[in-house]
2 protein chains.
Amino acid sequence: MVRKTKEDAELTRQRIINAARTVFLTRGVSRSTLEHIAAQAEVTRGAVYWHFKNKTEIFYALRDRAFLPLIDRMYDTLAIQTDDIDPLTQIENSLSDTINELNENIEMRQIYEIMMIKCEYVDEFATVLQQILNNCSNITEKIQLAYERAHEQNLLTPTLTPHTLALDTHLFFSGLLHMWVKDADGSRFRHQAKQLIQSHINLRRK
Amino acid sequence: MVRKTKEDAELTRQRIINAARTVFLTRGVSRSTLEHIAAQAEVTRGAVYWHFKNKTEIFYALRDRAFLPLIDRMYDTLAIQTDDIDPLTQIENSLSDTINELNENIEMRQIYEIMMIKCEYVDEFATVLQQILNNCSNITEKIQLAYERAHEQNLLTPTLTPHTLALDTHLFFSGLLHMWVKDADGSRFRHQAKQLIQSHINLRRK
DNA sequence: TTATATACAAACAAGAATGTATGTAAACAA
DNA sequence: TTGTTTACATACATTCTTGTTTGTATATAA
């Protein structure tokens with residue numbers, strides 16, 4: 001029974017992507033073979049090769065489904081300028097939202113885990129790392145702008161500049177994401193991630 | 001020309017470990033074969049199998065040479081109790097020392113890079129991740145003790161508890177290490193790592 | 001209605017990587 | 001001096017994995 005409709009084919013494609021997520025997560029990207037992925041998706045390698053050039057392209061598809069959307073979302077949350085909410089709370093919310101999304105969205109969580117501790121950034125994957133770094137820079141810039149607004153509104157302790165505060169926050173959040181992902185049983189960081197974010201921001205409030 | 005002395009054999013062993021470092025760094029752990037490593041060390045796979053059971057054991061040897069010593073060193077620096085130096089500066093120094101070591105010691109730097117972005121933490125490697133997490137907990141505890149001393153000496157802004165401060169610092173430093181490693185050209189974080197540490201601590205000073 | 005393109009399955013060929021088994025020359029012990 | 005062990009090199013067998021090729025039933029366009 002072959003030759004499905006376009007809708008069926010798209011469904012197969014999605015099943016392959018989802019299968020790859022499961023397989024990557026348990027075996028790591030390198031040790032995952034197209035046969036593993038095909039079996040998990042209940043198709044043959046023929047189907048996988050029809051939809052994707054190779055394993056790398058499946059990885060890219062996975063990244064596009066989770067990593068980029070979450071970055072965009074964070075970026076957007078930070079970029080909004082409103083008077084309803086003070087800039088510090090805005091930063092806090094955007095960080096918390098990201099953690100929320102990871103908590104509630106299994107797919108997101110698993111893809112992040114794959115990208116952080118189940119993937120080796122060499123050759124074709126090295127470019128992915130550069131893209132991540134660039135996104136980080138953009139996020140940091142937005143955070144800095146928010147801190148500048150906070151500074152104008154006289155909300156900050158006068159110790160550091162908005163630029164330095166933004167870098168510190170970025171590093172804090174990078175660390176949090178990494179530890180959040182690694183803390184699989186949730187005992188160390190996951191259960192208190194939001195309080196940690198709140199504390200981090202409170203340390204800056206006048 | 002075979003059958004070297006014990007000293008020669010130990011030298012071969014070290015050459016294999018060093019070769020593995022180079023190969024892991026450029027090809028990632030998974031894509032590195034024992035043939036690659038042997039070639040880089042200018043021996044045959046026979047020599048490699050003589051000294052190591054498999055690739056995993058070489059990886060462990062690498063970790064033992066860099067990761068554990070640096071953790072221990074940081075731990076020791078934090079554990080010292082002295083009146084010469086205030087506890088906040090002590091934390092700052094221990095973080096800076098670690099960055100210093102990474103700056104000056106190519107071997108350390110490369111092994112950290114391998115462990116952070118050139119290795120997939122699945123199967124045999126998953127246990128390594130747990131060990132790292134445990135070490136992190138110990139470090140955080142030591143940082144907390146230092147903050148408690150700082151609190152007793154009335155050096156801290158009263159916003160957060162020593163416990164929360166320690167977690168925030170730990171997350172900051174985790175993020176810094178990750179970005180430091182990923183920032184290969186040094187333009188984003190490496191050149192200002194020490195200032196960032198100093199700022200991070202200054203934010204806590206009364 | 002028929003020709004063609006689609007969406008796969010199945011088979012094939014080739015290379016890579018691993019682990020092991022065997023060979024061997026020199027160091028070392030007795 | 002000789003036997004044994006060490007420290008490898010070499011050869012072999014096996015398994016895995018990949019990419020490609022071929023086959024085919026059916027949706028769809030003309």
Side-chain angles (χ1 to χ4, degrees), chain A residues 1-62 114 118-120 122-125, chain B residues 1-62 114 118-120 122-125:
Chain A
M1 218 83 70
V2 279
R3 180 54 176 152
K4 324 279 183 62
T5 65
K6 266 189 181 173
E7 293 75 32
D8 286 336
E10 178 55 26
L11 208 141
T12 317
R13 193 187 131 91
Q14 296 304 323
R15 290 186 58 187
I16 293 172
I17 295 180
N18 285 327
R21 173 162 49 91
T22 304
V23 177
F24 285 168
L25 195 69
T26 56
R27 313 187 63 116
V29 175
S30 288
R31 295 181 177 186
S32 301
T33 71
L34 295 186
E35 177 59 34
H36 293 143
I37 296 171
Q40 177 75 26
E42 294 178 310
V43 293
T44 64
R45 273 174 51 245
V48 177
Y49 272 107
W50 172 257
H51 286 284
F52 300 94
K53 191 182 160 198
N54 51 34
K55 197 165 70 177
T56 308
E57 300 240 323
I58 305 181
F59 181 85
Y60 286 155
L62 261 186
I114 292 167
K118 271 98 197 271
C119 171
E120 298 176 2
V122 288
D123 302 334
E124 330 88 85
F125 296 101
Chain B
M1 218 83 73
V2 278
R3 181 53 176 149
K4 323 281 184 62
T5 65
K6 266 190 180 173
E7 295 73 33
D8 286 337
E10 178 55 26
L11 209 141
T12 312
R13 193 188 131 91
Q14 297 304 323
R15 291 186 57 187
I16 292 171
I17 295 179
N18 286 326
R21 173 162 47 90
T22 304
V23 177
F24 285 168
L25 196 69
T26 56
R27 313 187 64 116
V29 175
S30 288
R31 294 182 178 184
S32 300
T33 72
L34 295 184
E35 176 60 36
H36 293 143
I37 296 171
Q40 177 74 26
E42 293 176 311
V43 294
T44 64
R45 277 190 319 122
V48 177
Y49 273 107
W50 173 257
H51 286 285
F52 301 93
K53 190 182 161 199
N54 51 32
K55 198 164 69 176
T56 308
E57 300 241 323
I58 306 180
F59 180 84
Y60 286 155
L62 260 186
I114 291 167
K118 272 106 197 268
C119 170
E120 298 175 1
V122 287
D123 302 334
E124 329 89 87
F125 297 101

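Scope of the values below: all heavy atoms of this structure, side chains included, with no hydrogens, waters or symmetry mates.
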Undergrad: B/Ile37 has an atom CD1; how far is it from atom C1' of C/dA16, in whole Å?
TA: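 Result: 15 Å.
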Undergrad: Parallel, tilted or perpendicular: which describes the rings of A/Phe125 and A/Phe59, with under 30° parallel and over 60° perpendicular?
TA: perpendicular
Undergrad: Which is more 5' along DNA chain D, the nucleotide nearest B/Arg45 or the one nearest B/Asp8? Just name the residue.
TA: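 The residue whose closest nucleotide sits nearer the 5' end is B/Asp8.
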Undergrad: Over how many whole Å does the gap from B/Glu42 atom CD to D/dC8 atom C1' extend?
TA: 15 Å
Undergrad: D/dA9, D/dA7, C/dA7: which one has an atom nearest the side-chain heavy atoms of B/Ala47?
TA: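 Ranking D/dA9, D/dA7, C/dA7 by closest atom to the B/Ala47 side chain puts D/dA9 first.
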Undergrad: Please step through salt bridge (charged side-chain N to carboxylate O under 4.0 Å, His left out) for the pair A/Glu57 and A/Arg13, ending with a clear verdict.
TA: CA-CA 12 Å; A/Glu57 300 240 323; A/Arg13 193 187 131 91; over 6 Å; no
Undergrad: Whole angstroms only, please: what is the NZ-C1' distance between A/Lys53 and D/dT20?
TA: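 Rounded to the whole Å, the gap is 14 Å.
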Undergrad: Ignoring backbone atoms, establish whether A/His51 has a side-chain N or O less than 4.0 Å from OP1 or OP2 of C/dA7.
TA: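 It does not, given that no N or O in the side chain of A/His51 lies less than 4.0 Å from OP1 or OP2 of C/dA7.
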Undergrad: Please report the distance, rounded to the nearest Å, between CG in B/Leu34 and P in C/dT18.
TA: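 Atom CG in B/Leu34 sits about 5 Å away from atom P in C/dT18.
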Undergrad: Side chain of A/Tyr49: nearest nucleotide among D/dA7, D/dT18, C/dA7?
TA: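 Of D/dA7, D/dT18, C/dA7, D/dT18 is nearest to the side chain of A/Tyr49.
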Undergrad: Please give, in whole Å, the distance from C/dA16 P to B/His36 NE2?
TA: 9 Å
Undergrad: Please report, rounded to the nearest Å, how far the P atom of D/dT26 is from the NZ atom of A/Lys6.
TA: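 The distance from NZ of A/Lys6 to P of D/dT26 comes to 20 Å, rounded to the nearest Å.
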Undergrad: Starting at atom CD of B/Glu35, determine the distance to atom C1' of C/dA16, rounded to an integer number of angstrom.
TA: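 Rounding to the nearest Å, CD of B/Glu35 and C1' of C/dA16 are 11 Å apart.
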Undergrad: About how many Å separate CG of B/Leu25 and NZ of B/Lys118, when rounded to the nearest 0.5 Å?
TA: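 Separation between the atoms: 4.5 Å.
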Undergrad: For B/Thr44, answer base if it contacts any base atom (sugar-phosphate contacts may also be present), sugar-phosphate if it contacts only those atoms, and nothing otherwise; contact means non-hydrogen atoms under 4.0 Å.
TA: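 Touches a base.
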Undergrad: Between OH of B/Tyr60 and CG of B/Asn54, what distance do you get to the nearest 0.5 Å?
TA: 9.0 Å
Undergrad: Please report, rounded to the nearest Å, how far the P atom of C/dA10 is from the CH2 atom of A/Trp50.
TA: 17 Å
